[in-house]
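By convention in this document, chain letters (A, B, ...) are assigned in the order of the sequence lines, proteins followed by strands, and residues within each chain are numbered from 1. Bear in mind the structure is a predicted one, so any value in this text is a computation, not a measurement.
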Amino acid sequence: MEAVIRTAVAEALATLGLPPSDFVIEHPGDISHGDYACNVAMVSMRAQAVEGTEYTGKKISTLDTFTPRTPTRPGFKNPRELAVLIKEKLEGQIEYVEKIEIAGPGFINFYFTRDFFVAETNRIINLGENWGRNDSWADKKVVVEYTDPNPFKEFHIGHLFTNAVGESIARLFMMAGADVRRVCYQGDVGLHVAHAIWGMQKLGMTSESDFTAKDLGRAYATGATAYKENESAKTEITVLNKVIYERSDERVNALYDAGRRVSLAYFETIYKLVGTEFSEYFFESEAAGVGKELVLNNPEIFPLSDGAHIFEGEKYGLHTRVFLNKLGLPTYEAKELALAKLKNDRLGGYDHSVISTANEISEYFKVLKKAMGFVYPELAAKTEHIGHGMVKLATGKMSSRTGDVISAIDFIADVAQSAHDKITETGMTIASPELSNDIAIGAIKYATLRGSILQDSVFDKERALSFEGDSGPYLQYTHARICSVLDKARAAGIVPSLTPAPTEPYLIEKTLYRFEEVVQAALDDRAPHKVVGYLTELAGAFNTFYAHEKMADATDKFAPYKCLLAQAVATTLKNGLFILAIKAPERL
RNA sequence: GCCUUUGUAGUUAAAUGGAUAUAACUGCGGACUUCUAAGCCGUUAUUCUAGGUUCGAUUCCUAGCAGAGGCACCA
C-alpha cells in the first residue's frame with residue numbers, strides 16, 4: 001500500500017511539472033491523522049526554494065514568505081498551497097483511499113476505506129503462519145553466528161542476552177525467506193581452559209562423575225584467581241597450558257575431554273530452553289591451525305613486528321592488531337579470520353554472514369574485516385558484525401574470574417519459579433514445568449529485546465520477576481486470552497466471518513496490517529526491538545478492544561467479524577513472538 | 001590523549017528530520033452481578049549543555065559534559 005501511494009504521489013509531482021523529491025510515506029504518530037501521511041509538499045518546497053536566488057536560509061522565518069522561482073512551474077506560496085495541487089491530482093486515483101486531507105504545515109494524509117481493513121483481515125487469516133513474511137532474502141543462504149560461550153566457563157546472563165539478540169536476527173532473516181544457518185563458535189582452547197583444568201586438579205575433580213558444569217565454573221574461578229595472585233600457580237598454569245595444547249599428558253587429556261563434554265552438554269540444555277538449534281558448531285581448536293597458516297602464508301599482509309605477525313590497521317585509520325603472537329600462537333583475530341573460511345567450506349558457501357557479539361569486540365572486528373578484505377575479499381564483503389550492549393550487574397561488570405556472575409540456568413529457574421507461583425495463584429490453568437518455562441523465557445527475551453540492542457542493560461531481578469505491564473507474559477497473556485474467548489465463541493455457535501463488519505474500523509485493524517512493514521524494518525535496521533514495540537502496541541489495542549466489545553455473544557451481529565479479527569490478532573502475536581523466540585501458549 | 005558507542009518523566013524504555021515527544025513501572029483515583037484482573041479507564045512528570053544546518057531537530061553537524069567499550073601479543 002505504501003508503494004502504491006508513493007507511486008501515485010511521484011506521478012502527481014511529474015504531472016505538475018515538479019522535479020522528483022525524496023519525500024516519505026509514513027504512518028502518522030497520531031492515528032487520527034490518517035493511515036498514511038506524506039510530506040511531499042514540504043520537501044518539494046525546499047527543492048524549489050534552494051534553486052531560487054532570493055533564498056537566504058535562516059532569515060526566512062515563516063513558510064508564507066516563500067515565492068515561486070521558476071515561471072514554468074505552478075506558483076505557490078507555501079507547502080499547504082502546493083499540497084492542495086498535489087491532492088487534486090491524487091483525488092480518486094488510489095484504490096482503497098477514501099479521503100485525502102491536508103493538515104499541519106502541509107502533510108497530505110490518506111485515509112483508507114472500510115473495505116481495505118476487511119480485506120487485510122482476510123489476508124491475515126488466509127496467510128496464517130506465513131503472515132508477516134517477505135522475500136527480501138529469498139533463496140539466500142545466511143549464516144548467523146551468536147552466543148559463543150566458552151566451554152569450562154559459566155554460561156551467564158550475558159550469554160543469554162547475546163543469544164536472544166542473535167536468535168531474533170536469525171529469525172528475522174527466516175521471515176525474509178533466507179536459508180538460515182545458525183552457528184556457534186566456542187573457545188575450547190586457550191589460557192582460560194588451563195585456568196579451569198588447574199582448578200579442577202586443585203578441587204579434586206578427576207572424572208565426569210565428580211563434577212557438573214557448575215563446578216567447572218568454580219574451577220575456572222579458582223584457577224583464574226590463583227593465576228593472578230600467586231606466582232607459582234601462574235607458572236604451573238602456563239606449563240599446563242602448553243601441556244593441554246600439545247596433548248602430552250594422558251591424565252590432563254582425560255580431564256580436558258571430560259570437562260569439554262560436560263560443558264557442551266550443559267550448553268545444549270540451555271539452547272533447548274531458549275529455543276535455539278544450531279546447525280553447526282565451530283571450535284577455536286580447529287580455527288587455530290587454519291588461522292596460523294593463513295597469517296604465515298600472507299606475510300605481506302601480516303608483517304613481522306617485535307616478533308609477532310601484525311596487521312597494520314593504522315594505515316586505514318584503525319588499530320594495529322597482533323594476529324600471531326611472538327610464541328607463534330594465533331590470537332582471536334587470526335582465529336576469526338580462519339573461521340570465515342571454515343564456515344564457507346563446511347556450509348558450501350554462503351551469501352551473507354552475520355556475527356553477533358557484545359560491542360567490546362566491535363573495534364577488533366573492524367580491523368579483522370579490513371584484513372579479511374586482503375586475504376579473501378569476496379568473504380569480507382559478505383561479512384557483517386552486529387555489536388550489542390553488555391549486561392551489567394548493579395555492582396558493575398560481571399566477572400567469571402571472580403565468580404561474580406549470574407548463571408543463566410539459575411536465573412531462568414528463578415523466573416520460572418515466579419511464573420509457577422503466578423499460575424498457581426490465578427488458577428486459570430494447570431501449572432506445568434513447560435508452561436512456567438515458556439513464560440520465564442518470554443519474560444527474559446522480552447526484557448532483553450525491548451530496547452535498542454546497542455544499549456547496555458543493568459540486570460534487574462525484581463523487574464524480571466514481575467509480569468506486569470510491558471512484558472513477555474503480557475503478550476502471551478493476550479494471546480491466551482484470545483484463544484480462550486474464541487473457544488467460548490465457538491461453543492456459542494459463532495462462526496467467524498468477514499461480514500457484516502461495523503462501519504468504523506477498530507484501532508486493532510489499523511494496527512494489524514502494519515506488521516509486515518514492521519518485520520521488514522526490524523530486519524533492515526537489525527532492530528528486533530521494533531517487533532517488540534509493535535506487538536506491545538497491538539496487544540494493548542486488543543486489550544482495550546476486549547474491554548469494550550463482546551465476542552462470544554451470539555446476539556451481537558458483529559460477533560463473527562470480531563472473532564475473525566481476534567483470530568487475526570492472535571496470528572499476528574504468534575508470528576511476532578516467533579521472531580523473538582517466545583512461545584505463545586493457548587492457556588496461561 | 002585517540003577511536004567507537006550511549007545520554008529522553010523518579011525508574012526502564014519508544015519515537016526512517018515531522019504534526020500536541022509515546023508507553024510501562026512507581027504514586028494517587030476509578031469501573032465491572034466479569035468472553036482469562038498477568039487485564040481495562042483516569043491522573044502528575046521528560047529530550048545532558050552551548051552553538052549550527054533546516055520550513056521543522058530527541059534525531060543531522062561542531063564543541064563540551066557524563067557513562068560504557070576499545071586503543072600490540074586475552075577473548
- Message: Here's a test of your reading of the structure: between M551(A) and Y474(A), which maps to the more 5' nucleotide of RNA chain B?
- Response: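 This one resolves to M551(A).
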- Nearest nucleotide by nearest heavy atom, which residue falls closer to the 5' end of RNA chain B, Y477(A) or S457(A)?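 Counting from the 5' end, the first nearest nucleotide belongs to S457(A).
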If the [atom1] atom of [N] is compared with that of [M], how far apart are they to the nearest Å?
N: C41(B); M: U34(B); atom1: C1'; result: 16 Å
N: G56(B); M: G39(B); atom1: P; result: 43 Å
N: A38(B); M: U26(B); atom1: P; result: 14 Å
N: U46(B); M: G10(B); atom1: C1'; result: 11 Å
N: A57(B); M: U53(B); atom1: P; result: 12 Å
N: C60(B); M: U8(B); atom1: P; result: 15 Å
N: C65(B); M: A31(B); atom1: C1'; result: 48 Å
N: U62(B); M: G27(B); atom1: P; result: 44 Å

- Query: How long is the line joining CE of M42(A) and P of G18(B), in whole Å?
  - Reply: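 Distance, rounded to whole Å: 10 Å.
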- Between C1' of U16(B) and OH of Y534(A), the distance in whole Å: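 The answer, rounded to whole Å, is 18 Å.
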- Query: Would you say the side chain of I423(A) lies within less than 4.5 Å of the side chain of S436(A), judging by non-hydrogen atoms?
  - Reply: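 A side-chain contact under 4.5 Å exists here.
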- Do any of residues 538-547 of chain A sit with a heavy atom less than 4.0 Å from RNA chain B, and if so which?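 Close to the strand are N543(A), T544(A), Y546(A), A547(A).
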- Query: What residues in residues 151-158 of chain A put a non-hydrogen atom under 4.0 Å from any atom of RNA chain B?
  - Reply: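 Those residues: none at all.
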What's [X] touching, base or sugar-phosphate or nothing? Going by heavy atoms closer than 4.0 Å.
X: E586(A); answer: base
X: A37(A); answer: base
X: L318(A); answer: nothing
X: D556(A); answer: nothing
X: G533(A); answer: nothing

Suppose we screen for ring pair (Phe, Tyr, Trp, His ring centres under 6.0 Å). Which residues come up paired with [X], at least two apart in sequence or across chains?
X: Y534(A); result: F515(A)
X: F545(A); result: Y506(A), F542(A)
X: H420(A); result: none
X: F267(A); result: F155(A)

- Item | I430(A) atom CD1: more than 12 heavy-atom contacts under 6.0 Å |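 No - once you tally the heavy atoms of other residues, nucleotides and ligands closer than 6.0 Å, there are 12 at most.
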- Query: Should the heavy atoms of other residues, nucleotides or ligands under 6.0 Å from NZ of K574(A) be counted, would the total exceed 12?
  - Reply: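 Atom NZ in K574(A) is not packed in, count stays at 12 or less.
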- Message: Protein within reach of the bases, or only the backbone? For nucleotides 21-27 of chain B, mark each nucleotide 5' to 3' as B, S or -, using heavy atoms under 4.0 Å.
- Response: --SSS--
- Message: Protein within reach of the bases, or only the backbone? For nucleotides 70-75 of chain B, mark each nucleotide 5' to 3' as B, S or -, using heavy atoms under 4.0 Å.
- Response: BSBBBB
- Return no unless some side-chain N or O of Q455(A) is found under 4.0 Å from OP1 or OP2 of A14(B).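 Yes, Q455(A) has a side-chain N/O under 4.0 Å of OP1/OP2 on A14(B).
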- Answer yes or no: does a side-chain N or O of K488(A) lie under 4.0 Å from OP1 or OP2 of U36(B)?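 Result: yes.
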- Working to the nearest 0.5 Å, report the span between CD1 of I301(A) and CG of L337(A).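 If we round to the nearest 0.5 Å, I301(A):CD1 and L337(A):CG are 8.5 Å apart.
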- Message: Would you compute the distance between atom CD of E586(A) and atom CG of L486(A) and round it to the nearest 0.5 angstrom?
- Response: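 CG of L486(A) is found 10.0 Å from CD of E586(A).
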Donor-acceptor contact present, side-chain [X] to main-chain [Y], <3.5 Å:
X: S168(A); Y: A164(A); answer: yes
X: D456(A); Y: M390(A); answer: yes
X: T424(A); Y: K422(A); answer: no
X: S418(A); Y: L465(A); answer: yes

- List the steps, then state whether side-chain hydrogen bond (donor to acceptor under 3.5 Å, both in side chains) holds for T238(A) with Y227(A). CA-CA 9 Å; T238(A) 308; Y227(A) 184 85; 4.5 Å; no
- Item | Secondary structure of RNA chain B in dot-bracket form (Watson-Crick or G-U wobble, distances below 3.5 Å, | marking inter-strand pairs) | (((((((..((((....[...)))).((((.........))))....(((((..]....))))))))))))....
Can you confirm if the aromatic rings of [Y] and [X] lie within a centre distance of less than 6.0 Å?
X: Y36(A); Y: H27(A); value: yes
X: F323(A); Y: F302(A); value: yes
X: H195(A); Y: H192(A); value: no

- Message: According to side chain to side chain contact (heavy atoms under 4.5 Å, CB included), who are the partners of A559(A), at least two apart in sequence or on a separate chain?
- Response: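 Partners of A559(A) by the side chain to side chain contact (heavy atoms under 4.5 Å, CB included) criterion, ordered by chain and then number, come out as I494(A), D556(A).
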Counting side-chain heavy atoms from CB outward, which of [options] is closest to [X]?
X: K530(A); options: A15(B), U6(B), A38(B); value: A15(B)
X: I439(A); options: A38(B), G18(B), A14(B); value: A38(B)
X: K366(A); options: U4(B), A38(B), U5(B); value: U4(B)

- Message: Checking Y220(A) against N150(A) for the side-chain hydrogen bond (donor to acceptor under 3.5 Å, both in side chains) test, could you report, in this order, the C-alpha distance in whole Å, the side-chain angles of both residues, the deciding distance, and whether it holds?
- Response: CA-CA 11 Å; Y220(A) 169 78; N150(A) 282 335; over 6 Å; no
- Message: Check for me: is F107(A) stacked on A19(B) by the 5.5 Å centroid and 30° plane-angle rule?
- Response: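 Here F107(A) meets both the 5.5 Å and the 30° conditions.
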Restricting both atoms to N or O, compile the protein contacts to nucleotides 44-48 of chain B shorter than 3.5 Å, with distance only.
none

- Who pairs with S400(A) by side chain to side chain donor-acceptor pair (under 3.5 Å), at least two apart in sequence or on another chain?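 Listed in chain order: nothing, the list is empty.
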